[in-house]
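All remarks here apply to the structure that follows.
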Amino acid sequence: SDALVLEGLEKGYNHGRPSQVQVLRGASLSVAAGEVVALVAPSGAGKSTLLHIAGLLDTPDAGQVMLGGRAMTGLGDRAMTEARRGEVGFIYQFHHLLPEFTALENVVIPQLANGVDKAAAEARAMSLLDRVGVAGRAQHRPAAMSGGEQQRVAFCRALANEPRLLLADEPTGNLDPGTSDQVFGALMELVRATGMGALIATHNMELAARMDRVVRLEAGRVV
Ligand code: ADP
Ligand code: ADP
């Protein structure tokens, strides 16, 4: 089944009347379970808008969002937050780890918030950290880790609650090219091992070419 279906999304912003900026104009896209799709777009094309709508952080003016086969349009705020926590993992260009907590705690906390007991959460966190090669950093805080290590921990956090869909915005964009390549490899292994669907925005065409399919956001539509 499909991890994500976007159908005919419309989204505009009002920068003070009467000028309305129409960002999405009938954008449609689906991501199958286990499929990794690269989203390529020039700056300002509406990539963040599309990712926010797909991740239930924002609502479209028109169109349909389906996660794991379930229609999300018209849900209330509470149901949207719940669906987001259960179904979607986010990764950003900058890791946004909690600075006062260790790597392990950063991966454990979202699981506790999701009702997982502490022992199980720690075991899963260690296994994730191990799979991306940072188990040795489990007791370190983010400030004591390299940028690549921090980002690997952020991947583990995003996958901690076994989301069906991973959304990533330039996940290795702040790393130097060599590190970016390795860290991206770790992310792909993790995604492949879970069978989740992933939509990964990037400007890096070499990374895009390593994904299953490349789509482009152009004039408010996905082509
Ligand atoms: P990208 O991520 O591709 O750079 P965005 O989705 O961030 O593009 O933005 C697309 C357009 O929508 C831009 O013109 C931006 O100024 C506008 N925009 C984005 N978010 C908002 C907002 N919250 N309020 C008003 N305009 C916005
Ligand atoms: P929490 O469980 O901490 O309350 P939420 O349920 O609000 O988190 O959000 C779930 C995910 O959405 C988190 O990965 C968080 O980083 C992301 N998120 C929440 N709000 C925003 C936002 N305004 N912009 C970008 N990402 C957000």
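Both counts, for ligands and for their atoms, begin at 1 and track the order of listing. FYI, side chains are in, hydrogens and waters are out, and symmetry mates aren't considered; it's all heavy atoms of this structure.
- Residue Gly44 has at least one heavy-atom neighbour below 4.0 Å for each of these atoms of ligand 1: 1 (P), 3 (O), 4 (O), 8 (O), 10 (C), 11 (C).
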Report the C-alpha distance between Thr73 and Gln64 in whole Å, list the side-chain angles of each, state the deciding distance to 0.1 Å, and finish with yes or no for side chain to side chain donor-acceptor pair (under 3.5 Å).
CA-CA 6 Å; Thr73 329; Gln64 186 71 236; 2.8 Å; yes

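- Asn114 contributes no side-chain N or O that, together with a main-chain N or O of Val116, makes up a donor-acceptor pair within less than 3.5 Å.
- One finds a salt bridge joining Glu35 and Arg213 here, because a Lys/Arg side-chain nitrogen approaches an Asp/Glu carboxylate oxygen to under 4.0 Å.
- Scanning the protein heavy atoms around atom 17 (C) of ligand 1, the nearest turns out to be Tyr13 CD1, 3.7 Å.
- The protein non-hydrogen atom at the shortest distance from atom 11 (C) of ligand 1 is Val23 CG2, 3.6 Å.
- Under a 4.0 Å heavy-atom criterion, Ala41 is not in contact with ligand 1.
- Atoms of ligand 1 found under 4.0 Å from any heavy atom of Ser48, numbered from 1 in the order shown, are 1 (P), 2 (O), 6 (O), 7 (O).
- A salt bridge does not link Arg84 with Asp77: none of the charged nitrogens is closer than 4.0 Å to a carboxylate oxygen.
- You'll find the side chain of Gln151 reaches within 4.5 Å of the side chain of Ile91, heavy atoms only.
- A parallel orientation is assigned to the rings of Tyr92 and Phe90, their planes being inclined by less than 30° (bins at 30° and 60°).
- Arg124 contributes a side-chain N or O that, together with a main-chain N or O of Ala160, makes up a donor-acceptor pair within less than 3.5 Å.
- Closest to atom 14 (O) of ligand 1, if we only count protein heavy atoms, is Val21 CG1, 4.2 Å.
- Considering both main-chain and side-chain atoms, Gly46 comes within under 3.5 Å of ligand 1 through a nitrogen or oxygen pair.
- At the top of the distance list for atom 9 (O) of ligand 1, counting protein heavy atoms only, stands Thr49 OG1, 4.0 Å.
- The Lys47 neighbourhood of ligand 1 comprises atoms 1 (P), 2 (O), 3 (O), 6 (O), 8 (O), with distances under 4.0 Å to a heavy atom of that residue.
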